[in-house]
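Worksheet for the structure shown next.
Within every chain, numbering begins at 1; the chains are lettered A, B, ... in the order of the sequence lines, protein sequences first and strands thereafter. Treat the numbers as computed from the prediction; the structure is a model and nothing was measured.
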Number of protein chains: 2
Amino acid sequence: MKNEVRKFQQFIQKHNLLWSSEREIITEQVFDNHFHFTADDLFIQLSKRDKKISRATVYRTLDLLEKSGLVSKIQLQHGKHIYEHIFGHKHHDHLICQKCGKMIEFHCEDIEEWQKKISSENNFKMTGHSLKIYGICADCMKKKSKNKPK
Amino acid sequence: MKNEVRKFQQFIQKHNLLWSSEREIITEQVFDNHFHFTADDLFIQLSKRDKKISRATVYRTLDLLEKSGLVSKIQLQHGKHIYEHIFGHKHHDHLICQKCGKMIEFHCEDIEEWQKKISSENNFKMTGHSLKIYGICADCMKKKSKNKPK
DNA sequence: ATCCCTGCAAATCGTTTGCAAGAGC
DNA sequence: GCTCTTGCAAACGATTTGCAGGGAT
């Protein structure tokens, strides 16, 4: 069993929940194939396997994975979400291309510091943040509007 | 007619659209009463007036207001949006309280600069950005969890 | 005449939920 | 037995859309 899958199993057990084959398969799939993915991406991937797992279970498991801290949920426009798993690597933010939907990750320690500063100036106990920079990626700039916006 | 309403009227006319009483009333309401508001907030406010305006028209007009640059649309969790109008004051970002939903505005020129730097490092043509810091505001920290999260 | 605008109701779409059946302890 | 988990289908909720009637030019 993959290390990350084991971690999730431990999380499940610590919370007195049950470790099911569905949860194992979903978690495997999350850590096997994807980096950024939607719940539906995942559902489609899973539906190619022999064991059938419902959308509801996919959503419910992603919820747990998020609570466990192994997966983070990023909200996009129009109420859509994408997920990404965490390998213990640093928090990062995203550049999002409005043409092709590509996401580029970055991390900027200075911005993080400024955020902390602003929070404390406002007596605000920061629990998290979301920074998204929208624009057009280098590839799409070259291609000059061949792709439709997502 | 309010200055902002007039600006929107000019925008409408510049685009060969028609200036209707609905558009005037909605725009007035936007600039009269609200700072942060949802489409539904606005609809409810409007429904207290004598002239009845449908939700569809509210949404369609908010769309136009956003395109005109007089109103900006901010996405929250769960596919919800809030709007805020612009008085020509500087772009700002938000601290969002997870207890009471309060939003505190801030502007940090240094963060803006870093964003530009990161974009250009990635050959990314930035068109906009969204920075939200989540946490607990000072009031709610005092009240210690009396309010339910929104 | 030809657009544009509106209201209505239905559709959309990702996500959530109620419920009954099944599985694990 | 009691709880947890699942699949199904229906519900959700903010937003969008198709359509027909009415207005402005």
Quiz item: Nearest to the side chain of S54(B), which nucleotide is it out of dC4(C), dG7(C), dT6(D)?
Solution: dG7(C)
Self-check item: Nearest-Å distance for atom pair CG/C1', residues L46(B) and dT6(C)
Solution: 14 Å
Which atom pairs link the protein and nucleotides 19-25 of chain C when you take only N or O atoms and keep those under 3.5 Å?
none

Self-check item: Partners meeting salt bridge (charged side-chain N to carboxylate O under 4.0 Å, His left out) with K52(B) (sequence neighbours left out)
Solution: none
Quiz prompt | Candidates dT6(D), dT15(C), dG7(C) - which lies nearest the side chain of R23(A) | solution = dT6(D)
Practice problem: Check the distance between dG22(D)'s P and I53(B)'s CD1 and give it to me in whole angstrom. | Solution: 19 Å
Exercise. Would you kindly compare K52(B) and N16(B) by the position of their nearest DNA chain C nucleotide and give the one closer to the 5′ end?
Key: N16(B)
Quiz item: Taking OP1 and OP2 of dT6(C), is either one under 4.0 Å from a side-chain nitrogen or oxygen of S20(B)?
Solution: yes
Quiz item: Thinking salt bridges, do K7(B) and E4(B) make one under a 4.0 Å N-O criterion?
Solution: no
Practice problem: Would you indicate whether the side-chain heavy atoms of L65(B) and Y83(B) approach each other to under 4.5 Å? | Solution: no
Exercise. Compare the minimum distances between each of dT5(D), dT16(D), dT16(C) and the side chain of Y59(A), then state the nucleotide with the smallest one.
Key: dT16(C)
Quiz item: Ion pair present between D93(A) and K132(A), side-chain N to carboxylate O less than 4.0 angstrom?
Solution: no
Quiz item: Would you call I12(B) and L18(B) a side-chain contact if the rule is heavy atoms closer than 4.5 Å?
Solution: no
Quiz item: Can you check the F43(A) CZ to dT15(C) C1' distance for me, whole Å?
Solution: 13 Å
Self-check item: Reported CG-to-CG distance for the pair L42(B) and L62(B), which is rounded to 0.5 angstrom
Solution: 5.5 Å
Quiz prompt | Carboxylate-amine/guanidinium proximity below 4.0 Å for E121(B) and K117(B) | solution = yes
Between the protein and nucleotides 9-11 of chain C, list every N/O to N/O distance that falls short of 3.5 Å.
none

Quiz item: Just by distance, with hydrogens left out, do H94(B) and E84(B) show a side-chain donor and acceptor under 3.5 Å apart?
Solution: yes
Quiz item: Quick one: is H81(A) getting a side-chain N or O under 4.0 Å of the dG14(C) phosphate, OP1 or OP2?
Solution: no
Quiz item: L62(B) has an atom CG; how far is it from atom C1' of dT16(D), in whole Å?
Solution: 14 Å
Quiz item: How many Å lie between CD on E24(A) and P on dT6(D), as a whole number?
Solution: 12 Å
Quiz item: Can you tell me how far P of dC5(C) sits from CG of D63(B), to the nearest Å?
Solution: 13 Å
Quiz item: Judged by modelled atom types alone, do E24(A) and W19(A) share a side-chain donor-acceptor pair under 3.5 Å?
Solution: yes
Self-check item: Spacing of I12(A) atom CD1 relative to dT6(D) atom P, expressed in whole Å
Solution: 9 Å
Exercise. Round to a whole Å and report the spacing from NZ of K80(A) to C1' of dT15(C).
Key: 12 Å
